[in-house]
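Quick notes on the structure that follows.
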Amino acid sequence: MSTNVMLCGVGGQGILFAAKVMACAAELSGYEVTTNELHGMAQRGGSVTAQVRFGSKVHSPLFGEGDADVLCALEPVEGLRCAHWLRPGGHAAISLQRLIPVTVSTGRASYPSDLEDRLLRSFSSPKLLDCAGMASKLGDMRLANTVMVGALSSWLGLPMSSWRGAFERIVKSGLVEKNIAAFLAGQEA
Amino acid sequence: MERRLLSGNEALARGAWEGGVRVAFGYPGTPSTEILENLSKYGDVYCEWSPNEKVALEAAAGASIGGARSLVTMKLVGLNVAADPLMTLSYIGVVGGMVIVVADDPGQSSSQTEQDTRHYARLAKVPVLEPASAVECLEFVKRGFELSEEHGCPVILRTTTCVSHSRFLCSLGGRGIAKDANFERNPTRFCPLPIWGRKLRRDVEDRMVRQSLASDTSPLNKEYVRGTGLGIVTASVCGLHCLDVFPEASVLKLGWSWPFPDQLLKDFASRMDRVVVIEEGDPILEEHVKSLGIPCVGKEVVPRCGELTPMVLRGVKARLEGREPEVVAPVADAADLPGRPPMLCAGCPHRGIFYGLTKYDVVVTGDIGCYSLGVFPPLSRTDVLLCMGGGFTLAHGLSQAGEKRPVVGIVGDSTFFHSGITGLLNMVYNRGKAVLIVVDNRTTAMTGHQEHPGTGRTLMGEATSEASIEAIAAACGVKRIKVVNPYDLAAVDQVLKEALGADEMTLVISRAPCVLKERRLLGEKPVVDESKCKRCKACLKLGCPALELKDSAGCPSVNPALCVGCGMCVQTCKFGAL
């Protein structure tokens, strides 16, 4: 059996970094782990998703719709778009920072005004938080993805030593403590 | 042994390095690009971006004919360009191992076609290896060099987007010995003139028989025995999905999938009550299994198009069991969400040219690169996309055939060097009249900023000569060459007006570096003055993602997190509100 995590957001938000940190923490906890990412045109503002799987044995790097144990979204519309990936009883964390797509700015679509209602209808007790705002308070908006990793960490059952180890391995040494602070802020949210 | 989480592409680089690769060549293309980017970082393998895939494959052939191990990388459509040398190389063969990595893209996440590279392997009569994971990528590329040398022919290693971009924990080894080339003359082998070529042709057939026998017992093919009811014959990452989706079935996952391991297939099938062939792409394996007299199910229940994801395979399972496939659809609240298509970045220099073209009734033939995104509204200024270099040649043909509207052909800088030059030469030679534009952003942007002959830098980071588009065009005989700064919308309009009115061909070079690569502010970030804004939405016609309109009756606003201060929107506002 594996734990399946679905990450979604918009190109440039740091989804792939979040997936990497999670995978590294799982590896350091002694699990087999895989990741998969859809990033063909990711830097150009399109929707981006990534999957992380870990457990004592993992065959495929992909799981199916309705199979995610944990879902995290760095943008609320992207969270709704991917809501059906979460299994019944799964956990969701959604950042409320809104990124307006160009389809909306050019009048070809509208951005929903009742997002929180929709999120509460589509997920059972989701953790809604403002990762970008929390990261800004910590002094760097780019830490929003790390705040998110912290927010969902309690559902993954990995020890703090593995998370610390993951940051130490992945980010430049000068940024480790900042990332851990952002992680802890997310964990407490 | 050290283990590291590697993507398929990183593992291919690692495997090539461990396998003693001496030289590596390629042209960027998603999902293959990161292989050479990673291999070049080892520092002790000569790596290069070639101008196109044909050049890359030929250069690697030269190295391997001389006895050195070589790697070539490309995406699926790259093999179309490199097909010519591949066919003949199969006959004359190689001395040093040669692995041609071709990354297919089932589901077309970033490709114009969904072609199945196994067809090329059969056409060229060379073996194809299909790793399912990064672990196998590392192992298979090493084994590929050995097989290539054992059988004296190049080997195709086919990945897919999922294989190239999935990470697995891989065990690492040390650097393999990389031999230099030491060419030995043998014209009866290396010069396939008909007198010798006919013998080479027969040798290829004999070689395939030997390869089929070798594949029968190859450890690259893996059998997962879990029962004798349902037996699945499959290859690549589909095999891993099948292990999850069909927990009771036995799975024969082919890693050396062509020439087919006939005996292995027969043995496996003989132990199963029922056989199903599950392969992404065309029914190549299925048709062969049937030709061996093995009753099996295949494309009746397995889709031909798209990626075979776990969800799709659950549908296959349902159909096999006579059930309706379950559907896990998006939630009801997701039904009317705004789309988020990829788009030209805030501050992208290409925007100036496409915006300029919106003022004219022209037909625009485009090309493959970021500027393919010029097809989307509100710019909507690309009408046809065919292939690299096709932006120029399509324009020429359409214009010569009497199209009444002016025709504009667009290529990028990397595609100009890839295959735009011959089209340009042809147009000069044959007195064409279309307007040609090179949108030169000084890099291969779409695939993540790779160097090319015009950037003055090699993949290994060395300074080199910088090919000039103007000088090449002049040498081809182009008389009217205009260089324009695409951020200056008035200048763009002036150049386009003159070019479209001229009675001879014009080459416009729109030159400004990619903002995503430069990552610097181009100017002051504008702010919308709501008291001056007339809500005319003229600025929104640029389709800039930094210009947001949250309320359709309100003022647009500039998102400072995205804006790079390119100033194009300021030029579109007649009321000084920006």
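Here is how names work: the chains are called A, B, and so on, in the same order as the sequence lines, proteins then strands, and each is numbered from 1.
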Please state whether the side chain, the backbone, both or neither of [X] comes within less than 4.5 Å of a heavy atom of chain A.
| X | value |
| --- | --- |
| Pro330(B) | both |
| Cys162(B) | both |
| Arg3(B) | both |
| Ala329(B) | backbone |
| Leu547(B) | backbone |
| Gln108(B) | neither |

If you count heavy-atom pairs under 4.5 Å with chain A, which of [options] comes out on top?
| options | value |
| --- | --- |
| Cys238(B), Pro377(B), Pro378(B) | Pro377(B) |
| Val237(B), Leu243(B), Val163(B) | Leu243(B) |
| Asp244(B), Thr161(B), Leu540(B) | Asp244(B) |
| Ser7(B), Ser166(B), Ala132(B), Ala546(B) | Ser166(B) |

So, the part of Tyr31(A) with a heavy atom under 4.5 Å from chain B: the answer is backbone
Would you mind checking which part of Arg98(A) comes under 4.5 Å of any heavy atom in chain B, side chain (CB onward), backbone (N, CA, C, O), both or neither? neither
Ion pair present between Asp333(B) and Arg81(A), side-chain N to carboxylate O less than 4.0 angstrom? no
Could you grab the distance from atom NE2 of His59(A) to atom CG of Leu240(B), nearest 0.5 Å is fine? 8.5 Å
Side chain of Arg340(B), backbone of Ile100(A): donor and acceptor closer than 3.5 Å? no
Can you check whether Ala332(B)'s main-chain N or O pairs, donor with acceptor, with Arg118(A)'s side chain at less than 3.5 Å? no
Any idea which of Glu32(A), His84(A), Gln51(A) has the most non-hydrogen atom pairs under 4.5 angstrom with chain B? His84(A)
Which is it for Val33(A) and Leu169(B) under the side-chain contact (heavy atoms from CB on, under 4.5 Å) test, yes or no, and what are the steps along the way? CA-CA 7 Å; Val33(A) 58; Leu169(B) 286 168; 3.9 Å; yes
Do Tyr111(A) and Pro338(B) have side chains that get closer than 4.5 Å, going by heavy atoms? yes
